[in-house]
**Q** 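My questions will all concern the structure given below.
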Number of protein chains: 2
Amino acid sequence: MIQTPLAAQVTQTLRAQGGRMTAQRRLILDLLQESDSHPTAEELYALARQSDPSLNLSTVYRTLNWLEERGFVSPRRFDDNHAHKHFDPVQPDAGHVHHFHCRNCDRVIEFSAPQVEQLLGQIRGEIARQHGLRVDDAALVLSGLCMDCAASA
Amino acid sequence: MIQTPLAAQVTQTLRAQGGRMTAQRRLILDLLQESDSHPTAEELYALARQSDPSLNLSTVYRTLNWLEERGFVSPRRFDDNHAHKHFDPVQPDAGHVHHFHCRNCDRVIEFSAPQVEQLLGQIRGEIARQHGLRVDDAALVLSGLCMDCAASA
DNA sequence: ACACTATTGCAAATCGTTTGCAATAAACCA
DNA sequence: TGGTTTATTGCAAACGATTTGCAATAGTGT
Ligand SMILES: [Mn+2]
Ligand SMILES: [Mn+2]
Ligand SMILES: [Zn+2]
Ligand SMILES: [Zn+2]
């Protein structure tokens with residue numbers, strides 16, 4: 001049985017918790033892994049149904065929630081007006097990754113910038129001291145027009 | 001008639017567009033202005049009903065959407081899992097303001113960091129060149145524990 | 001192969017938000 | 001000031017995204 005890295009890792013966690021690796025979960029995991037974008041549940045569902053037309057949308061939601069609770073994906077909202085959640089597979093190795101969101105076509109581009117990390121380091125300390133709070137995480141979302149949309153404007 | 005700055009400014013825009021300043025709108029505007037937090041439509045509705053129990057929730061939504069379209073408030077999602085939109089009154093003068101979100105009590109603290117602006121300047125150019133895209137805006141959301149929650153942990 | 005029970009498909013429920021419509025009331029004018 | 005116009009309201013129903021109860025199905029360890 002071929003296992004994508006994600007599916008393999010999840011299977012391990014699954015076993016350790018008395019869970020079961022099903023065909024549905026494997027399918028969703030594999031699609032999630034190939035997808036370099038940030039699919040919504042519906043998008044994943046549409047993709048998955050090409051392989052398994054009997055798959056149910058609620059199974060997709062349940063699987064994504066299960067993955068989220070165990071830290072394999074994290075939910076994102078790139079557009080504060082957009083209702084759907086996007087799911088972001090978490091690569092355990094990669095450092096902090098930030099996102100650019102095209103407000104015209106909704107495309108999302110990931111980027112990592114050392115300067116951002118550096119800045120975050122500064123701000124973390126500064127804001128923390130100034131307001132007496134503990135900063136654990138930071139999400140930077142840039143927005144504007146992607147290459148294609150900028151060209152045709 | 002007493003006018004909060006926000007209500008006054010909105011009234012002007014309203015007039016210019018053949019709109020009407022109603023008691024409901026004034027109430028919502030005033031609550032929005034006193035609120036230094038980032039209320040959801042439901043929260044605003046609950047507050048407003050203390051003054052006007054006949055106010056309808058759909059009026060709150062319609063007013064907020066109207067304000068958003070004209071740039072008087074902007075929607076925010078501090079918790080990517082939280083379904084509700086929060087509404088952030090826009091202060092025209094203040095520079096870019098960023099947000100810290102306490103993952104324990106959901107409190108939101110605003111802060112402004114000139115370094116972020118500076119970084120944006122850099123990144124705008126760099127990321128833009130590197131990926132060929134146009135960056136218009138940036139939202140930084142820090143998360144962790146607020147002062148109070150950090151203390152009781 | 002069998003038993004145990006986690007997971008599924010399905011349908012209905014829930015949540016936040018939007019919409020159609022008839023009644024109301026701001027704004028403008030005689 | 002009272003009358004006319006029409007933007008805005010309250011109400012109820014619709015909506016889109018997500019969740020849930022339940023009986024049927026199918027992984028897993030034996
Ligand atoms: Mn991502
Ligand atoms: Mn704010
Ligand atoms: Zn685009
Ligand atoms: Zn807190």
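Here the structure is a predicted model, which means the values were calculated and not measured. Letters go in sequence order (proteins before strands), and every chain restarts at 1. Reckoned from all heavy atoms, side chains included, excluding hydrogens, waters and symmetry mates.
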**Q** Can you measure Arg26(B) atom CZ to dT9(D) atom C1' for me and round it to whole angstrom units?
**A** 15 Å
**Q** Find the distance Glu42(A):CD to dT18(D):C1' and express it as a whole number of Å.
**A** 10 Å
**Q** Report all interatomic pairs (protein N or O, nucleotide N or O of nucleotides 23-27 of chain C) with separations under 3.5 Å.
**A**
from, atom 1, to, atom 2, distance (Å)
dA26(C), N3, Arg20(B), NH1, 3.1
dA27(C), OP1, Met21(B), N, 3.0

**Q** Closest-nucleotide mapping onto DNA chain C: is Lys85(B) or Arg62(A) further toward the 5' terminus? I mean the 5' end.
**A** Arg62(A)
**Q** Is there a side-chain contact between Leu142(A) and His101(A) in this structure, where contact means two heavy atoms from C-beta onward sitting under 4.5 Å apart?
**A** no
**Q** Let me know the distance between CG of Leu57(B) and C1' of dT9(D), rounded to the nearest Å.
**A** 13 Å
**Q** Would you please say whether a donor-acceptor pair under 3.5 Å links the side chains of Arg15(B) and Thr11(B)?
**A** no
**Q** Measuring from the side chain of Thr59(B) (C-beta onward, heavy atoms only), which nucleotide among dG10(D), dG9(C), dA17(D) has the closest atom?
**A** dG10(D)
**Q** Glu117(A): which residues meet the side-chain hydrogen bond (donor to acceptor under 3.5 Å, both in side chains) condition with it, sequence neighbours left out?
**A** His98(A)
**Q** Measure CD/Glu69(A) against P/dT7(C) and give the value in whole Å, please.
**A** 11 Å
**Q** Of the options dT18(D), dC11(D), dC10(C), whose atoms approach the side-chain atoms of Ser58(A) most closely?
**A** dC10(C)
**Q** Does a side-chain N-to-carboxylate-O contact under 4.0 Å join Arg103(A) and Asp137(B)?
**A** no
**Q** If you compare every side-chain N and O of Asn65(A) against the phosphate oxygens of dT18(D) (OP1, OP2), does one of them come in below 4.0 Å?
**A** no
**Q** Do His131(A) and Phe100(B) have ring centroids that are under 6.0 Å from one another?
**A** no
**Q** So which nucleotide from dT19(C), dG9(C), dT7(C) ends up closest to the side chain of Arg25(A)?
**A** dT7(C)
